[in-house]
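Shown next, in structure tokens, is the structure this report addresses.
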Amino acid sequence: MYVAVKGGEAAIGNAHALLAEDRRGDTAVPELSVDQIREQFSLAVDRVMTEGSVYDPELAALALKQARGDQVEAIFLLRAYRTTLPRLAVSLPIDTAKMQVSRRISSCFKDLPGGQLLGPTFDYTHRLLDFTLLAGGAPPRTEARGELAPDLPQVVDLLNAEGLIEPEIPDADDAPVGDLTREPLMFPAGREVRLQNLARADEGYLLALGYSTQRGYAKSHPFVGEIRSGDVAVEVEIPELGFAVDIADITVTECQMINQFTGSKSEKPKFTRGYGLAFGYAERKAMAMSLVDRSLRAQELGEDITAPSQDAEFVLYHADNVEASGFVQHLKLPHHVDFQSELTLVRTMRAEIEAASAPVAEFEEAAQ
Amino acid sequence: MTTLQMTTPAAGFHDPVQQSQRAFRILLDTMARPGRVMDQDFDCGHPGGIAPVLAAGLLTLADLDTPVWLGEGLDTPAMRDWLRFHTGAPLATGPGQAALVLLDAARMPALDVFSLGSDEAPERGATLLVQVPSLHAAAAAMTWRGPGIKESVAMPLCGLDEALWRQRAQLSAVFPRGLDIYLGCGRQVIGLPRSTVITFGEA
Amino acid sequence: MTLQQDYAANAAQAPLEGYNFAFLDEQTKRMIRRAILKAVAIPGYQVPFGSREMPLPYGWGTGGMQVTAAVIGGSDVLKVIDQGADDTTNAVSIRRFFVRMTNVATTEKTRDATLIQTRHRVPETPLHEGQILVYQVPIPEPLRWLEPRETETRKMHALSEYGVMHVKLYEDISQHGHISTAYDYPVLVNGRYMMRCSPIPKFDTPKLHMNAALQLFGAGREKRIYAVPPYTDVKPLDFDDHPFEVERWPEACALCGSHDSFLDEVILDDKGGRMFVCSDTDYCGERQAAGHRGHMAAPYKDEAAE
């Protein structure tokens with residue numbers, strides 16, 4: 001006698017209870033607060049906000065706590081929450097030239113109008129485990145936090161005077177701007193849609209693609225024109241008032257990558273741009289994004305499309321880690337109906353081959 | 001601030017979440033079963049001069065993303081206020097730019113002024129909400145066949161000119177481009193998707 | 001209230017307090033509803049839509065869930081199946097989600113449901129006119145394995161240019177003597193659009209043809225919705241000398257004795273012992289309740305005695 005296994009409901013309940021227990025870990029250790037995560041894991045929070053497409057450090061920290069620190073899971077939680085939010089208004093473009101910068105560097109020029117500011121960076125730290133952090137201790141204090149003027153020219157624009165770099169001309173105010181959170185990705189995808197896709201894209205994926213452009217998969221000779229991090233105002237135009245009001249300050253990291261362009265029959269050699277932008281302090285992401293943005297401009301610039309990073313359908317369709325993680329992991333779901341169909345098919349085909357080759361098999365046996 | 005002269009627009013759904021769901025199911029069932037008359041079994045506010053079932057259709061489908069074209073006789077200040085207030089839908093700059101179109105059977109333009117979509121994006125073909133004097137008539141004048149119809153269904157002209165029906169019949173030749181049409185009268189509605197093939201006479 | 005208090009309140013009460021009916025906001029539902037209506041009007045054509053992140057992962061039924069969420073109302077009776085069964089974990093999870101978000105009635109009985117969301121099967125019990133069947137679709141594009149580029153496949157659909165698929169199927173036959181597609185078999189809808197039926201077994205493909213129910217297909221990750229209206233011609237692609245055929249089993253269901261249903265193979269031991277049972281648990285249960293018995297089922301009187 002056979003009794004089919006039931007009880008999906010009970011199994012799911014148990015799994016949820018176990019997950020909650022494991023998330024909390026040893027209860028003898030004090031529970032992390034969302035405030036602690038927001039303040040002390042701020043770079044993790046920044047990544048969740050960027051790829052989650054919601055600027056809210058508290059919710060991103062909550063998502064990280066709930067996800068046991070798993071970034072992709074936290075990003076997913078924030079995205080699913082985002083789905084339920086109505087759209088109230090559309091902001092004006094942020095003006096990063098008006099950023100209150102806490103970091104600003106360029107690799108192209110020794111000195112810049114307005115100055116460079118190293119800011120809080122890992123760049124020149126020696127990656128030695130700091131065992132004093134094991135013990136905790138008094139909070140570090142510094143007077144080193146510098147400040148630059150709030151109105152700094154973009155370094156890449158300094159090259160404009162000579163016509164050495166392509167100008168970045170904004171679209172007309174009434175030109176439609178795509179939005180992947182409301183419309184599906186369609187091709188050919190405009191640059192604004194590509195940039196939105198890349199901003200939401202998985203950091204590791206962008207890093208690998210960007211890296212590939214430096215190793216010969218797409219011709220790229222990049223220089224960091226400028227990286228700046230800091231606070232910018234978000235403005236919303238209120239139709240009833242007829243002017244824009246500040247609704248928030250957000251922290252962003254922007255990277256303008258400069259690439260050599262050898263020119264074509266119709267165009268003189270010049271420099272072209274790749275652009276990267278992320279919420280919070282996310283320099284690796286912004287840099288990788290700017291490399292990929294530039295390589296995706298291959299078609300527009302008349303370059304040969306030979307590398308994965310230049311193939312817009314390939315890059316954009318596989319960039320989203322919420323989509324990718326879901327589809328890879330869905331292989332865990334039962335597929336026994338499809339597998340049964342394949343089993344039946346493979347058995348039928350094998351039986352037919354065996355029937356057709358039976359005399360040969362007998363002959364082989366006889367020979368042995 | 002400037003003071004605008006405004007009258008309060010007519011009411012819409014009193015329970016937008018539940019009523020738009022019920023109205024949608026009627027739109028879905030009628031589009032899936034062309035020629036079948038369905039009744040809207042609840043009330044909704046609407047500006048004068050428009051069938052409640054089509055008002056519910058607009059409230060269910062229209063929003064910021066759907067330019068609406070108001071046909072002759074229906075483009076009134078009361079209608080515009082009501083539409084803007086409840087849906088936020090912009091008025092289309094021309095009939096060819098509209099996603100949703102509200103029309104009166106007595107004042108129909110030629111069907112080719114509306115967007116039929118393209119072969120690569122046929123879903124951009126417009127949806128027409130047409131107010132008709134009646135959905136029932138003693139004499140059937142045409143036969144509908146196609147997806148959603150078990151064999152065929154005999155249909156009256158529903159107060160539209162036969163010439164217009166012939167225009168619609170000819171659109172089958174450009175399928176998947178085409179127009180998707182609702183015919184509404186009071187609280188009753190019929191769906192006519194572009195996939196329905198129309199022939200005339202008893203055949 | 002602070003945000004945190006707000007959240008704690010939501011967690012303590014039914015999620016209905018914090019979320020809109022059926023989870024999605026009304027603007028999103030409107031967008032999906034418009035896409036569904038166009039899908040119904042153009043049978044088999046994949047309508048692009050602005051798919052949203054759902055609280056379940058992509059690949060686990062988010063497309064079907066968005067379609068269900070846009071369609072479902074308070075008076076619906078919902079059935080959710082995965083692999084034909086109501087109690088597989090993902091079916092349980094999706095059903096629970098909709099109960100939490102809508103409070104609608106649910107059922108395991110195919111004939112009592114007004115709305116059925118499915119993954120990988122079409123129920124054995126014939127559907128009727130008052131029903132909507134929502135399929136979860138992983139890859140909506142039937143030509144995708146033959147042409148990975150969306151820009152190209154979109155053109156092929158526009159021109160009704162499906163030669164590549166016929167060539168593929170023909171190569172199967174010349175190489176294997178068979179069409180080697182066992183599930184997600186390509187069909188032509190209303191003589192116009194080539195369509196994927198989602199990964200249902202070939203066995204279920206004929207059920208799409210002239211079905212009395214409305215069939216809706218949602219692909220969340222790929223952001224497409226398509227439909228087969230009731231009473232619509234759905235033809236599996238085949239050749240005159242190699243007509244379409246469905247799977248057959250040498251045995252009947254070990255529990256209900258059915259010869260006509262799709263059977264799951266259950267491995268009983270490590271010596272090759274196995275049995276076959278209906279994949280559709282409701283169908284199998286109904287047959288057993290009506291007194292049908294397979295060779296491994298509990299005898300009828302035992303059950304009565306318990």
Side-chain angles (χ1 to χ4, degrees), chain A residues 1-9 11-12 15 34 58-59 62 76-77 79-87 179-188 313-314 317 320 322-331 333-346 348-349 352-353 356, chain C residues 3-4 7 19-20 23-25 27-28 31 48-55 57-60 62 82-84 87-93 120-121 138 148-151 176-178 180 182-183 199-203 221 223 247 249 254-255 262-266 275 277 279 281 296-298:
Chain A
M1 190 178 117
Y2 172 81
V3 181
V5 184
K6 282 219 167 203
E9 192 106 29
I12 290 176
V34 168
E58 183 175 36
L59 290 182
L62 168 63
F76 179 18
L77 281 167
R79 289 264 194 100
Y81 176 68
R82 191 188 194 284
T83 295
T84 67
L85 302 176
R87 165 168 306 236
D179 181 356
L180 291 172
T181 67
R182 284 156 35 87
E183 299 142 16
L185 180 61
M186 301 298 271
F187 290 91
E313 278 210 32
F314 178 86
Y317 266 135
D320 192 292
V322 179
E323 290 175 7
S325 162
F327 201 49
V328 167
Q329 297 205 58
H330 107 285
L331 295 172
L333 292 177
H335 283 77
H336 55 254
V337 165
D338 294 349
F339 189 67
Q340 185 64 48
S341 296
E342 295 264 286
L343 263 181
T344 309
L345 180 71
V346 170
T348 310
M349 287 166 64
E352 281 169 5
I353 289 170
Chain C
L3 193 60
Q4 270 170 339
Y7 267 78
Y19 290 94
N20 192 22
F23 182 75
L24 298 173
D25 66 282
Q27 204 178 338
T28 300
M31 175 272 296
F49 81 111
S51 175
R52 305 293 199 253
E53 277 85 3
M54 295 298 281
Y58 282 120
W60 301 51
T62 55
D82 187 340
Q83 314 295 301
D87 66 335
T88 35
T89 40
N90 200 43
V92 169
S93 163
H120 293 194
R121 279 306 315 272
R149 274 166 209 291
E150 169 67 16
T151 35
H176 312 295
H178 267 282
S180 64
Y183 58 89
I200 55 170
K202 232 162 50 158
F203 181 88
R221 191 178 39 77
K223 302 168 179 57
E247 301 91 330
W249 285 262
L255 297 181
F262 186 91
L263 301 179
D264 286 342
E265 185 170 332
V266 180
M275 62 180 284
V277 292
S279 119
T281 48
M296 290 182 81

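Everything numeric in this text was worked out from a predicted model, so none of it was measured.
Most heavy-atom pairs under 4.5 Å with chain A: of the set C/Y183, C/F203, C/F23, C/W249, this distinction falls to C/Y183. Ranked by heavy-atom pairs shorter than 4.5 Å toward chain C, the options A/T84, A/D179, A/L333 are led by A/L333. The candidate from A/E352, A/E342, A/H330 with the greatest count of non-hydrogen atom pairs under 4.5 Å with chain C is A/H330.
Heavy-atom distances place both the backbone and the side chain of C/S180 under 4.5 Å from chain A. Only the side chain of A/L343 has a heavy atom closer than 4.5 Å to any heavy atom of chain C. For a residue to count as touching a neighbouring chain, one of its non-hydrogen atoms must lie under 4.5 Å from one of that chain's; by this rule C/H120 touches chain A with backbone and side chain alike. Using a 4.5 Å cut-off between heavy atoms, A/F314 does not touch chain C at all. At a 4.5 Å heavy-atom cutoff, A/S325 makes no contact with chain C through either its backbone or its side chain. Heavy atoms closer than 4.5 Å to chain C are found in both the backbone and the side chain of A/Q329. Only the backbone of A/E183 comes within contact range of chain C, with heavy atoms under 4.5 Å apart. Proximity to chain C is limited to the side chain of A/T344, based on heavy atoms less than 4.5 angstrom apart. Residue contact with chain A, scored on non-hydrogen atoms closer than 4.5 Å, involves the side chain of C/F262 exclusively. Both the backbone and the side chain of C/R221 come within contact range of chain A, with heavy atoms under 4.5 Å apart. In this structure, the portions of C/S93 lying under 4.5 Å from any heavy atom of chain A include both its backbone and its side chain.
The side-chain contact (heavy atoms from CB on, under 4.5 Å) with C/R52 is formed by just one residue from the set A/R79, A/R82, A/R182; it is A/R182.
In this structure the side chain of A/Q340 never reaches within 4.5 angstrom of the side chain of C/P201, judged on heavy atoms. Counting heavy atoms from C-beta outward, A/F339 and C/Q83 have side chains that stay 4.5 Å or more apart. Considering only heavy atoms from C-beta on, A/V337 comes within 4.5 Å of C/D264 through its side chain.
Counting only distance, with no hydrogens or angles, the side chain of A/T83 and the backbone of C/E53 share a donor-acceptor pair below 3.5 Å. Not a single donor-acceptor pair under 3.5 Å links the side chain of C/Q27 to the backbone N or O of A/R87.
Note that the CG atom of A/L85 and the OG1 atom of C/T28 stand 10.0 Å from one another [nearest 0.5 Å]. The distance from the CG atom of A/L185 to the CD atom of C/E150 is 9.0 Å, given to the nearest 0.5 Å. Atom NE2 of C/H176 and atom CE of A/M349 lie 5.0 Å apart (nearest 0.5 Å).
Across all their heavy atoms, A/F327 and C/P138 have their closest contact at CE1-CB, 3.6 Å. Of all the heavy atoms in A/D338 and C/P199, the pair that sits closest is OD1-O, 2.6 Å. Heavy atoms only, all atoms of each residue included: A/A80 and C/M54 are closest at CB-O, 3.6 Å.
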Checklist entry - Stepwise, does the side chain to side chain contact (heavy atoms under 4.5 Å, CB included) test hold for A/M186 with C/K223? => result CA-CA 10 Å; A/M186 301 298 271; C/K223 302 168 179 57; over 6 Å; no
Item to check | side chain to side chain contact (heavy atoms under 4.5 Å, CB included) between C/R149 and A/F187, intermediate numbers included | outcome: CA-CA 10 Å; C/R149 274 166 209 291; A/F187 290 91; over 6 Å; no
Next on the checklist: Applying side chain to side chain contact (heavy atoms under 4.5 Å, CB included) to C/E247 and A/S341, what does each step give before you reach the verdict?
Outcome noted: CA-CA 7 Å; C/E247 301 91 330; A/S341 296; 2.9 Å; yes
